[in-house]
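The figures here come from the full heavy-atom set of this structure, side chains too, leaving out hydrogens, waters and symmetry mates. Computed from a predicted model, the values in this text were never measured in an experiment.
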Amino acid sequence: MSAVRKGPWNAVLRRTTRLSPSCSLLVFERPEGFPGAAPGHFVSIRVSDSTTPLLRRPYSIMDLTGSSLSLLVKAVGRGSAALRAARAGDRFDMIGPLGGVPFPAPAGPEAVLVAGGTGLAPLLFAARSWRRARLAVRTTLIYGAATGNELLRDLVKAAFGTYRFATIDGGAGFHGDVVALCRDLVSRGRMPAGTLYSCGPRGMVRALDEAAGSHFSAHYTSLEEIMACGVGACRGCTVPVRSGGERVLKAICSDGTVFSAGDILWEEWEE
Amino acid sequence: MKARDAAFSIGPAKFRNPVFLASGPAGYGTEYEELIDLRRIGAVVTKTVTFRPRAGNPGRRLWETSAGLLNSIGLENVGAERFFAEKLPRLVEAGARAVVSLGAEGWDEYRPLLDAAAAAHIVDAVELNLSCPNVDCGGMSIGGDPALVERYVRAAREALPEAAIVAKLTPNTADITILARAAAEGGAHAVTAINTVLGMDLRGPGLEPVFRRERAGLSGPAIFPVALDAVWRIARAVDIPVVASGGISSVEDAEKFFAAGAAAVEVGTAIFYDPGLPERIVDALEARGAAGPPGAKPRKRRKR
Ligand SMILES: Cc1cc2nc3c(=O)[nH]c(=O)nc-3n(C[C@H](O)[C@H](O)[C@H](O)COP(=O)(O)OP(=O)(O)OC[C@H]3O[C@@H](n4cnc5c(N)ncnc54)[C@H](O)[C@@H]3O)c2cc1C
Ligand SMILES: Cc1cc2nc3c(=O)[nH]c(=O)nc-3n(C[C@H](O)[C@H](O)[C@H](O)COP(=O)(O)O)c2cc1C
Ligand code: FES
């Protein structure tokens, strides 16, 4: 058996907080022996003792300290409903940290992080990790949600140097989506250059790369796909990417979750 | 305390216990090193390898159903060369016992695959995947035809005379015992039953097929009764051992497979949500002692 274990852990929920109508913060006790993790890594949770739903549900690590593990859970279907209904003291069968390539630390002094919805989770972990490592980097968060009350403002204020909000309904910040906001900032010369980090719906990341990718020295994005094993074995979570001039299929769970946005063959990747 | 030595054999191949990880979900085995103690597992049946590398199917590949999982992976694999040079040696180094799953595609691909397996020298047990529903040529069209099953098995016996040859059968046929008899006739040391059951799903407001190929393979607890039925009937139709695969999700399911006449069990989809299950089945077998699982019928078995 490998010296490192990735579970299954019997993780105890310490507290849960409704941060917005659709999002909850779940803070677990860090299981004893749980290895260190990097931004972009995730855990996968069995949400029921029965076989419905059957598969584990993957969640990005939003923070990992010596004693706690935090996740951001958005209401989607049965699995997330079970997680959001859980109470302090409940235990979950969890595996992790999973993931191969995490977000690399910024090469220069500027990092722009663009989040759509719960895409905030791994970016928050990135900003917190860099801060803890005392990296000399200025972070700008550009963060969008459907409505103002879905913006998790308290979470972001402490973690990023600068932040800008966008809402589809115009309820807070820029009226429009994050891509329109980024386009606007670039065109007005208000967008810092440097390294771009993103996480959010596929359509958002693709449009972001097309609209603003060339403004940055690199664009790293953390991807999501339905997963079964979470460890690269089943080949169920592949994304077509360009690699060394060739088209290859990479497993998001073990070759990612982080990829260079410019390498992704979006036309071939189905929703 | 180990009350019994759970070791058993299939043809010339010996295994420390009759609990295997199923081809596909198990990948190349080493992916699970940090979740499963591979040295405690009877064998890892590796992802089906084909002569040439395969990229697998485009589009969505996984879809959850009620107590089941539809997959349309399309036999993505690294091909024989890399498999025998890298993947298999890595698994053996990790202390695991391997059963190599060989993909039965068209004859022109199958012959060189058998030669590559023979040349690798470390292959002493193979499972012939005669039954993958997710590829066009070969796979199921071969696996559904008893004459071809017999021919493919015989070719494997000839190419790998020292190895145990296990034929994995498809349930997507009117009578699986006919396929089992054909495999036995071809000289198989055992059969594995079952591979995935054909199924599909629709989604979105337009209720469009989930998968580009429309049909996919159903696995998980939803198919356990189908697998149990197949194992029960095959065990009574042929006198070679039956390896049970399909929907196992608890120690009790394993006991039912053994009671139905299985000589070994494979854990597939359950690894995804319960990677501790294979070791718990091994624990239960060891704790049970020489008496074997309750209800297990001693079966006559012809030595081959
Ligand atoms: C690496 C990774 C990190 C993620 N991080 C977060 C996070 O930090 N916060 C968060 O709220 N969500 C995150 N997700 C998405 C989350 O896993 C899904 O929202 C969740 O699985 C939905 O389950 P459900 O039962 O509530 O929904 P259902 O609609 O019942 O799910 C049906 C099926 O779709 C799958 N599924 C649905 N949406 C997704 C999706 N976007 N990605 C993967 N599988 C999906 C489920 O696993 C299940 O198989 C992440 C996904 C991945 C792959
Ligand atoms: C994602 C996935 C991939 C699979 N790939 C293979 C394969 O390459 N070769 C094979 O013989 N069976 C393959 N199978 C079938 C399994 O080995 C097993 O026979 C089947 O899933 C039924 O068992 P289960 O319900 O325990 O998973 C695959 C199954 C799944 C779910
Ligand atoms: S989920 Fe199995 S390979 Fe990624």
Next item on the list: Please report the shortest heavy-atom distance between B:Pro25 and A:Ala233, naming the atom on each side.
Entry: O-CB, 3.7 Å
Notebook entry, point to check: Can you find a pair of side-chain heavy atoms, one from A:Cys229 and one from B:Glu31, that are under 4.5 Å apart?
Noted result: no
Margin query: How about OH on A:Tyr220, more than 12 heavy atoms from neighbouring residues, nucleotides or ligands closer than 6.0 Å, or not?
Written below: no
Check: With a cut-off of 6.0 Å (strictly less than), are more than 12 heavy atoms of other residues, nucleotides or ligands near CZ of A:Arg15?
Finding: no
Note to self: So, applying side-chain contact (heavy atoms from CB on, under 4.5 Å) with B:Glu34, which one of A:Val231, A:Val4, A:Leu98 is it?
What the structure shows: A:Val4
Next item on the list: State whether the side chain of A:Arg56 and the backbone N or O of B:Tyr273 hold a donor-acceptor pair below 3.5 Å, judged by distance alone.
Entry: yes
Notebook entry, point to check: Under a 4.5 Å heavy-atom cut-off, does chain A meet the side chain of B:Thr269, its backbone, both or neither?
Noted result: side chain
Notebook entry, point to check: If you draw a 6.0 Å radius around CZ in A:Arg132, do more than 12 non-hydrogen atoms from other residues or ligands fall strictly inside?
Noted result: yes
Item checked: From OG1 (A:Thr238) to CD (B:Glu76), nearest 0.5 Å -> 6.0 Å
Anything under 3.5 Å between a donor and an acceptor, one on a side chain of residues 24-34 of chain A, the other on a protein residue two or more places apart or in another chain? List them.
| unit_1 | atom_1 | unit_2 | atom_2 | d |
| --- | --- | --- | --- | --- |
| A:Ser24 | OG | A:Arg84 | NH1 | 3.1 |
| A:Arg30 | NE | A:Phe34 | O | 3.2 |
| A:Arg30 | NH1 | A:Thr65 | O | 2.9 |
| A:Arg30 | NH2 | A:Phe34 | O | 2.8 |
| A:Arg30 | NH2 | A:Pro35 | O | 3.4 |

Next item on the list: Select, from B:Trp63, B:Phe272, B:Tyr28, the one with the greatest count of heavy-atom pairs under 4.5 Å involving chain A.
Entry: B:Phe272
Next item on the list: Identify the two heavy atoms, one from A:Arg5 and one from B:Leu35, that lie closest to each other, and give their separation to 0.1 Å.
Entry: NH2-O, 2.9 Å
Notebook entry, point to check: Which pairs pass side-chain hydrogen bond (donor to acceptor under 3.5 Å, both in side chains) with one or both residues in residues 91-100 of chain B, sequence neighbours excluded?
Noted result: B:Arg97-B:Asp124
Check: Tell me, side chain or backbone of A:Pro53 under 4.5 Å from chain B's heavy atoms, or both, or neither?
Finding: both
Next item on the list: Determine whether more than 12 heavy atoms belonging to other residues, nucleotides or ligands lie under 6.0 Å from atom CD of A:Glu210.
Entry: yes
Margin query: Is B:Ala26 in contact with chain A via its backbone, its side chain, both, or neither, using a 4.5 Å heavy-atom distance?
Written below: backbone
Notebook entry, point to check: Measuring heavy-atom distances to chain A, does B:Ile271 have an atom under 4.5 Å in its side chain, in its backbone, in both, or in neither?
Noted result: neither
Next item on the list: May I ask you to test the A:Arg235-B:Leu62 pair for a side-chain heavy-atom distance under 4.5 Å?
Entry: no
Check: Are the charged groups of A:Arg57 and B:Glu64 less than 4.0 angstrom apart, N to O?
Finding: yes
Next item on the list: Over all heavy atoms of both residues, which pair between B:Arg60 and A:Glu225 is shortest? Give the atoms and the distance, please.
Entry: NH1-OE1, 2.7 Å
Next item on the list: Evaluate whether atom CZ of B:Arg203 has more than 12 neighbouring non-hydrogen atoms of other residues, nucleotides or ligands under 6.0 angstrom away.
Entry: yes
Next item on the list: Write down the atom of A:Leu54, the atom of B:Pro221, and the distance for their closest heavy-atom approach.
Entry: CD1-CD, 3.6 Å
Notebook entry, point to check: With respect to chain B, which residue among A:Thr52, A:Val248, A:Leu55 yields the maximal number of heavy-atom pairs within a distance under 4.5 Å?
Noted result: A:Leu55
